[in-house]
Amino acid sequence: MPEKPYDHIQLELKWHERWENATFYKAEENSAKPKFYVLEMLPYPSGTLHIGHIRNYSIGDALARYKWMRGFNVLHPMGWDAFGLPAENAAIANKVPPRQWTVQNIAAMKKTHRRFAFSYDWDREVSTCEPEYYRWNQWFFLKMLERGLAYRKRALVNWCNKCATVLANEQVVDGCCWRHDDTPVEQRALEQWFLKITHYADALLDDMAQLEGGWPERVLTMQRNWIGRSEGTEVDFHLEGAGTPIRVFTTRVDTIYGATCVILAPEHPLNETLLDPALKAQAKAMVDGRAGRDPGDIDKEGLFTGHYAINPYSGEKVPIWIANFVLMGYGTGAIMAVPAHDERDFEFCRKYAITIRPVIRPVDGALAVEPGMTECFPDYGVVENSGEWSGLPSAEARRKMSAFAEQQGFGKAAITFRIKDWGISRQRYWGTPIPVIHCTACGVVPVPETQLPVILPDRIEITGTGRSPLENVPEFVNAACPQCGQPARRETDTMDTFMDSSWYFYRYCDPHNSTLPFDPAKIAYWFEIDQYIGGVEHAILHLIYSRFFTKMMRDIGLITNNEPARRLFTQGMVIAEGVKMSKSKGNVVGADMLAEKFGADTARMFVLFAAPPEKEVDWRWEGAEGIYRFLGRVYRFVTRNLPAQERSGEADRNVLRKLHQTLRKITEDFESRWHFNTCIASIMELVNLLYAEEQSISATAMAQVLQTLALMLAPFAPYLAQEIWEELGHEGPVFRQTWPVFDADLAKEDGAEIVVQVNGKVRSRITAPFGTPQPELQAQALADEKVKPFLEGKQIVKVILVPDKLLNIVVKP
RNA sequence: GCGGAUGUGGCGAAAUUGGCAGACGCGCUGGAUUUAGGUUCCAGUUCCCGCAAGGGAGUGUAGGUUCAAGUCCUAUCAUCCGCACCA
């Protein structure tokens, strides 16, 4: 048959229509097959998919299709992280209600999704802004409230005056609001709802052992740092005279005899009673002065309070200072300064001429001498000049001195975490309403479960100024107290949208359940997620919240797994012609643009081909043309060889060998490292060989090759693979066929090609049967015309053989 | 400042365990097809010398280990990422 031109538009359109109502991406409910849950991070419905999304989904899609072909019952769902501030901003800018804006965007993006034919089970689609979904956010909130895992407290939050709202930490850029880069963010004390993630701090840290190997080390390290567990001692320094003692946290209680002052954070509550008005003002200025600034370029500043405290070990009287480098948010908000053994304390005490007293000497050295010290000695060593503790090694002193503090009642061993409880209150409209009611008589009353969901009202005016938009909706705000029935006020804050994404992947398992967030039996079947794929930018926030939710759900008794995902893969970014893509640069490569220019197959295959998936990809249009050419080459070759013609068959062995080598490579890569770039390259090599040998391939071999080629392409280029599958006379979806098995014997070379080196330099190559022993190879090599000149007049020192690979003759003059 | 990753042709990259550096693709050059352009097909393409055969050099830089180093070790530079007064 004459070859057909590769008309990707017609070809993709044809299958697009035929697949419109296809059911073959549905996960089976009761299956005898082993299950495989592959998940890509759900997108925010901004309105368009870009090349970065396409990369993420192409990786997941290739894996899902491969797993199907390997006989797994695959769950491959998709949804929308549909709440969030951009919808509100759009509402202000374009006067479009957030819901309408969001729903339109989802429709547009779903269309693009379908165009790319990603293999999702759309029946399980989840959109987090729908009451059927967010009611379970509220349900989880109530469960946490019952267990004391959700609580309300006054806390400092980031506040932007121009937005008149709280900002999340990640919306503070260089100390200013992300929307107003001329407006410094203020710290304001507000009543906020918190989730007690710190309750699970140890579990989150310890269970990382289960993730080792399955999650990127980088992500685990980032989480470990974020949780920031540190073991130390809390010690009370009593005030000289009366007053609440100052509790400090230190990891180096062994250095406490070297403590020459106590330093409080400028916002430490004790300052209220300790400071006179003038000093209070200075302390306040200190707090404001460091707000949002890069800690690296803030100079250490402090002031003496005029008060003294007593070191409980030595009985020594030390001055109490306030300094800007002591953080209220960590430990107890107060430290003992040991300038001789801590870099920051050293810098501070030098500046203010506070005594520096060495008390730790290096194990094999002498105690430093002051005055004259130019740097501190922060390492462990041997304790000196410390009363009864002198002579002990640091580690032992830490233990014994902690125990002593506890015995004497002025302190204890303590563990401090860097991670803080998760503040989830947002003074915004487009989010999940927090299901509580404020009653003047009963206080804060949870909305009863039976009254869920608390529906977010649609009729609302968003101006972008003033208070939370919900406060202006009387029919929302005014409610009866569930306890006493008297008129009360509904909470108008909504939840952080990270709530939504913390458990959506559970909902996929049972998306239409109206009595529970999901049926535990279904979770027991599908979980853990076998492969989660997404960007590394979520390493901390989303991925730590998700792990927290999983532990909370386990403790409620809903699930039995400890962790949400067994394996996590973080794909690299996509940049455009060397620079980061961004709306402001106008260089965002949109998915629809791609589909129009080259078709979905080319676009998704190119992002896989351009680099291994964990690396950054540089999008270049010319590069994509190469893939387009390749797909055309495949299609033309297949169509002109149908039906296969009887030819000599001289090349059969060669071609079949290459075929099985290719198959082996792709199979092994899917099972291990996912270097799809080299997988695609090896298919190209195969096709290049087919072009070269076209006239010498028998009909039998040709049929075999074409069929396997279609199957191998199925995970990467589903449209083309399907079209070929049909041209070959088959029915049904190609990606539901069985993945072909490679034949190790067919893949084997006929014999070994052995590189002959002289002093490590390649001089010749010889062929020999596999396993030829050294003496024979050596004889052959020594007789080789290309090798001889390099041996002349030289003495052979030794000969090294790497069996079936290489022979190195070492000579000297 | 601390921690991590990366550095290979004009470009994206490959080399999975110390054993042929540059697979595959882009771009470029030449040829065939075509009225021409495009498409398609074929060949060439790390650098230097050479008509060629061939030779020499070469994986950020400088050393080292080894018969053999892109790969291991030491130092150093650059880029990117993360953390950053965490007591």
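Order of the sequence lines sets the chain letters (A, B, ...), proteins ahead of strands, with each chain counted from 1. Note that this is a predicted model, so its numbers are computed, not measured.
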ask   = Given B:G82, is OP1 or OP2 found less than 4.0 Å from the side-chain N or O atoms of A:Thr221?
value = no
task = Check every strand shown and say whether A:Arg763 touches a base, only sugar-phosphate, or nothing at a heavy-atom separation below 4.0 Å.
result = sugar-phosphate
request  = Whole angstrom is fine here: how far is it from NE2 in A:His268 over to P in B:A87?
outcome  = 17 Å
message = Across nucleotides 10-19 of chain B, 5' to 3', mark each nucleotide with B, S or - according to how protein heavy atoms within less than 4.0 Å reach it.
response = -SBSSSB--B
inquiry  = Could you tell me how far apart A:Lys798 (NZ) and B:C67 (P) are, to the nearest whole angstrom?
reply    = 5 Å
query = A:Glu614: what forms a salt bridge (Lys or Arg N to Asp or Glu O under 4.0 Å) with it, not counting sequence neighbours?
reply = none
query = With syn defined as a glycosidic torsion within 90 degrees of 0 and anti otherwise, which applies to B:G9?
reply = syn
request  = Mind checking A:Glu347 for me? I need base, sugar-phosphate or nothing, with any heavy atom below 4.0 Å counting as a touch.
outcome  = nothing
request  = Under 4.0 Å between any heavy atoms, over every strand shown, what does A:Val536 touch: base, sugar-phosphate, or nothing? Just pick one.
outcome  = nothing
inquiry  = Quick check: A:Phe237 with A:Phe249 (ring centres under 6.0 Å apart)?
reply    = no
message = Students often get this wrong, so: under 4.0 angstrom with heavy atoms, is A:Arg418 touching a base, only sugar-phosphate, or nothing?
response = base
ask   = Reading nucleotides 36-54 of chain B 5' to 3', which nucleotides get B (base under 4.0 Å from a protein heavy atom), which S (sugar-phosphate only), which -?
value = ----SSS------------
